[in-house]
Structure formats: structure tokens, C-alpha cells
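Okay, handing you the structure first.
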Number of protein chains: 2
Amino acid sequence: MSLHDPDLDRIFQALGDPTRRALLARLLEGPAPVTVLAGPTGMALPTVLRHLAVLEAAGLIASEKRGRTRLCAVQVGALAATEHWLNRQRAIWEGRTDRLEALALSLEAQDDAVRPDDRS
Amino acid sequence: MSLHDPDLDRIFQALGDPTRRALLARLLEGPAPVTVLAGPTGMALPTVLRHLAVLEAAGLIASEKRGRTRLCAVQVGALAATEHWLNRQRAIWEGRTDRLEALALSLEAQDDAVRPDDRS
DNA sequence: CAAAAACTTAGCCAATTCGCTAAGTTTTAG
DNA sequence: CTAAAACTTAGCGAATTGGCTAAGTTTTTG
């Protein structure tokens with residue numbers, strides 16, 4: 001499980017763009033309409049709108065139409081899920097590190113760690 | 001700072017692909033040569049090699065040529081840096097959440113949170 | 001030394017991504 | 001009711017991505 005988690009795909013991909021991280025950072029200070037978010041980016045509105053759509057598809061933000069403006073706000077859940085995944089990965093690493101530190105990239109490593117069983 | 005961190009770009013983008021997360025997960029169990037890593041993916045070797053190159057460019061793994069094989073191993077530093085970034089973002093959110101929870105997506109939010117100062 | 005193993009390089013292709021401009025649409029202001 | 005504001009949709013073009021096959025190159029094995 002979680003080896004091919006589409007949610008995780010979308011979240012990481014969304015965070016992989018500096019413009020989107022900037023938008024998210026701005027939203028962490030409070031909700032804002034699209035035009036306000038677009039301001040600092042110096043980008044055209046449709047461009048920013050698509051970045052926001054990516055963030056929303058990833059569950060990182062939510063938005064709601066209020067009259068003629070759309071108000072966007074952070075949705076911290078996805079961020080927490082991501083942290084959780086990273087935590088788990090690092091935990092796995094740290095659980096093994098005592099056993100591996102002696103051989104990482106060393107001679108035995110090649111023959112010893114290569115086939116501890118490849119349960120696909 | 002960190003609004004346009006190329007390292008963060010590469011790390012998140014690298015983690016945004018399920019194949020690469022699977023490769024990383026496999027490497028968390030111990031170092032392995034390219035062919036072994038390629039096995040479970042069912043992909044052609046050059047394809048896997050490029051995924052590994054992406055992971056390495058992001059600093060998530062390291063690799064070393066040993067004879068005719070290349071041994072790959074996790075480099076946990078980048079993972080930790082990513083966790084750190086996420087932690088910081090969530091901390092910002094949680095620091096504001098008390099102030100914002102009352103207005104998130106509400107009426108005042110629009111006019112009040114829009115211009116707390118936009119230091120770009 | 002001949003050949004197999006394990007990459008490595010060099011393309012090719014389809015799909016996606018990131019930016020843009022131009023032309024709607026829907027609300028609100030006058 | 002007209003017009004400005006604030007999206008929204010449509011579509012375009014260059015660049016990147018993710019997959020492949022084919023043809024090297026370097027080591028090891030027989």
C-alpha cells in the first residue's frame with residue numbers, strides 16, 4: 001500500500017513548483033481571493049488560476065465562490081498526510097540504519113543487501 | 001527565503017512519481033544495484049536509470065560504481081530537509097489557526113485577511 | 001580472448017506542464 | 001442599464017517528463 005498513492009502523487013507534484021509553494025505560503029497567512037494571490041507572482045491570472053487548481057486537486061487548499069470573487073484557503077490535512085508519509089519513511093530508514101551504517105556502500109553491502117528477498 | 005528553493009523543487013518533484021517513491025522505499029531496506037532495483041518495476045533499464053538519476057539529483061540517494069555494477073543507497077538528509085520544510089509550514093498554519101478558525105472562508109475573511117501586508 | 005552481464009548513451013514518441021493571449025461570463029457599482 | 005471587476009474558458013507554443021528501443025561501453029567470467 002501507498003506505493004502508488006495518487007493522492008501523494010498530486011501532493012508532491014503540487015509542492016514541486018516554487019510558484020505553488022509561494023501561493024501556499026501566502027495562504028498560510030490567511031484566506032485570499034485569486035487576484036490578491038496573483039499580485040506578487042507577476043503572472044497572468046489564468047496561469048495563477050491553474051496553479052491554484054493544482055493545489056486544490058491535491059487537497060492542499062479549498063476555494064469557494066463569493067459573489068464575483070473566489071476566496072481560497074489552506075486545507076492543512078494534505079500537508080499533515082505528507083508529513084506522515086515522510087515520517088514513516090524516515091522511521092524505516094532509522095530502524096535500519098544501525099544495521100546498515102556499517103556496510104552502506106561498502107564491500108559486503110553489494111552481496112549482502114542486494115537480495116534480502118525481493119517481495120516485489 | 002525558501003520561496004524559490006531549487007533543492008526543494010527537485011526533492012518534491014522527485015517524490016511526486018510513484019515509481020521513484022517505490023525505488024526509494026526499496027532502498028530504505030538497504031543498498032542495491034540498478035538491475036535489482038529495476039526488477040519489481042517491470043520497466044526497461046534506461047527508464048529506471050533515469051528515475052534513479054532524478055532521485056540522485058534531488059539528493060535523496062547516492063550511487064557509486066563498483067566494478068560493472070552501480071550500487072545505490074538512500075541519503076536521508078534530503079528527506080529530513082523536506083520534513084523540516086513541511087513542519088515549518090504547518091507550524092505557521094497552526095500559529096494562525098486560532099486567529100483564523102473563526103473566519104476561514106467567512107465574510108470578514110475576505111476583507112480582513114487579504115492585506116495583512118504583502119511583503120512579496 | 002570471446003561472450004555475457006550490467007550499465008550507459010542516444011534517440012524517439014506521446015502526454016503533460018507552464019507560460020501566454022484573447023474572448024467569454026457573472027457580479028457588482030454607478 | 002452600462003460598464004468595470006473578477007474570474008473562467010479556450011487554445012496556443014515551447015519545454016519537460018516518462019516510457020521505449022537500439023546501439024554502445026566497461027567488467028567479469030569461461
Side-chain angles (χ1 to χ4, degrees), chain A residues 3-4 6 8-24 27 31-58 60-73 105 107 109-111 113-115 118, chain B residues 4 6 9-24 27 31-58 60-73 105 107 109-111 114-115:
Chain A
L3 282 184
H4 183 312
L8 227 37
D9 285 12
R10 286 189 223 104
I11 292 170
F12 279 127
Q13 276 175 20
L15 293 176
D17 181 273
T19 301
R20 284 191 294 262
R21 282 202 308 282
L23 289 171
L24 191 62
L27 283 176
V34 179
T35 306
V36 170
L37 293 170
T41 70
M43 289 176 186
L45 212 57
T47 305
V48 174
L49 207 60
R50 284 246 320 281
H51 279 303
L52 290 171
V54 170
L55 287 170
E56 188 155 15
L60 288 162
I61 71 170
S63 75
E64 181 190 347
K65 204 69 192 282
R66 278 208 150 289
R68 73 181 150 177
T69 82
R70 171 174 298 279
L71 193 61
C72 303
L105 284 180
L107 258 174
Q110 183 188 16
D111 187 80
V114 148
R115 44 130 189 68
D118 60 342
Chain B
H4 186 312
D9 284 13
R10 286 189 223 103
I11 292 171
F12 278 127
Q13 275 174 22
L15 293 177
D17 182 272
T19 301
R20 285 192 293 262
R21 283 201 309 281
L23 288 170
L24 191 62
L27 283 175
V34 179
T35 307
V36 170
L37 292 171
T41 70
M43 289 175 186
L45 213 56
T47 304
V48 174
L49 208 60
R50 285 245 320 280
H51 279 303
L52 290 170
V54 170
L55 286 169
E56 188 156 16
L60 288 162
I61 70 170
S63 75
E64 183 190 345
K65 203 71 192 280
R66 279 209 149 286
R68 75 181 147 173
T69 82
R70 172 175 297 277
L71 194 59
C72 303
L105 284 179
L107 259 172
Q110 184 189 17
D111 187 80
V114 147
R115 42 124 192 69

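Naming: A, B, ... by sequence-line order, numbering from 1 per chain.
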R20(A) CZ to dT16(C) C1', straight-line distance once rounded to whole Å =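 Rounded to whole Å, this separation is 12 Å.
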Roughly how many Å is it from CZ in F12(B) to P in dT17(D), rounded to a whole number?
->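 My rounded result for the distance is 17 Å.
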Please report, rounded to the nearest Å, how far the P atom of dC7(C) is from the CG atom of L37(B).
->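 About 9 Å, once rounded to whole Å.
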T69(B) and V34(B), any side-chain heavy atoms less than 4.5 Å apart |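 Not touching, per the 4.5 Å side-chain cut-off.
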Taking atom P of dT17(D) as reference, at what distance in whole Å does atom NE2 of H51(B) sit?
->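 Rounded to whole Å, this separation is 12 Å.
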Please check the phosphate of dG18(D) (OP1 and OP2 only) for any side-chain N or O of T19(B) closer than 4.0 Å.
->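 T19(B) to dG18(D) OP1/OP2: no side-chain N or O under 4.0 Å.
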Heavy-atom closest contact (T35(A) atom, L45(A) atom, distance) =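 The answer is CA-CD1, 4.2 Å.
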Reference residue L55(A); test side chain to side chain contact (heavy atoms under 4.5 Å, CB included); the match among I11(A), L27(A), L60(A), D17(A) |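 Of all the options given, the one that passes is L60(A).
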Is any side-chain heavy atom of L15(A) less than 4.5 Å from a side-chain heavy atom of L24(A)?
->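 Yes - at least one pair of side-chain heavy atoms lies under 4.5 Å apart.
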Side-chain heavy atoms of K65(A) within contact of L71(A), under 4.5 Å =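 Side-chain contact under 4.5 Å: no.
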Please report, rounded to the nearest Å, how far the C1' atom of dA5(D) is from the CZ atom of R70(A).
->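 Going from R70(A) (CZ) to dA5(D) (C1'), I get 16 Å.
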May I have the distance from L71(B) (atom CG) to dA6(C) (atom P), rounded to whole angstrom?
->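 Interatomic distance, CG of L71(B) to P of dA6(C): 13 Å.
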A correct 5'-to-3' footprint of nucleotides 20-30 of chain D, with B, S and - meaning base, sugar-phosphate only and no protein heavy atom under 4.0 Å, is BBB----BSS-
How close or far is atom C1' of dT17(D) from atom CG of L55(B), stated in whole angstroms?
->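 Between C1' of dT17(D) and CG of L55(B): 14 Å.
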Any side chain to side chain donor-acceptor pair (under 3.5 Å) involving residues 39-57 of chain A? Give me the pairs, sequence neighbours left out, ordered by first then second residue.
->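 Matches after skipping sequence neighbours: R20(A)-H51(A), E56(A)-S63(A).
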Measure from CG on L52(B) to C1' on dC7(C) and round the result to the nearest Å.
->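 So the CG-C1' distance, L52(B) to dC7(C), works out to 11 Å.
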Out of dC7(C), dC7(D), dT17(D), which has the shortest distance to the side chain of T35(A)?
->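 The listed nucleotide nearest to T35(A)'s side chain is dC7(D).
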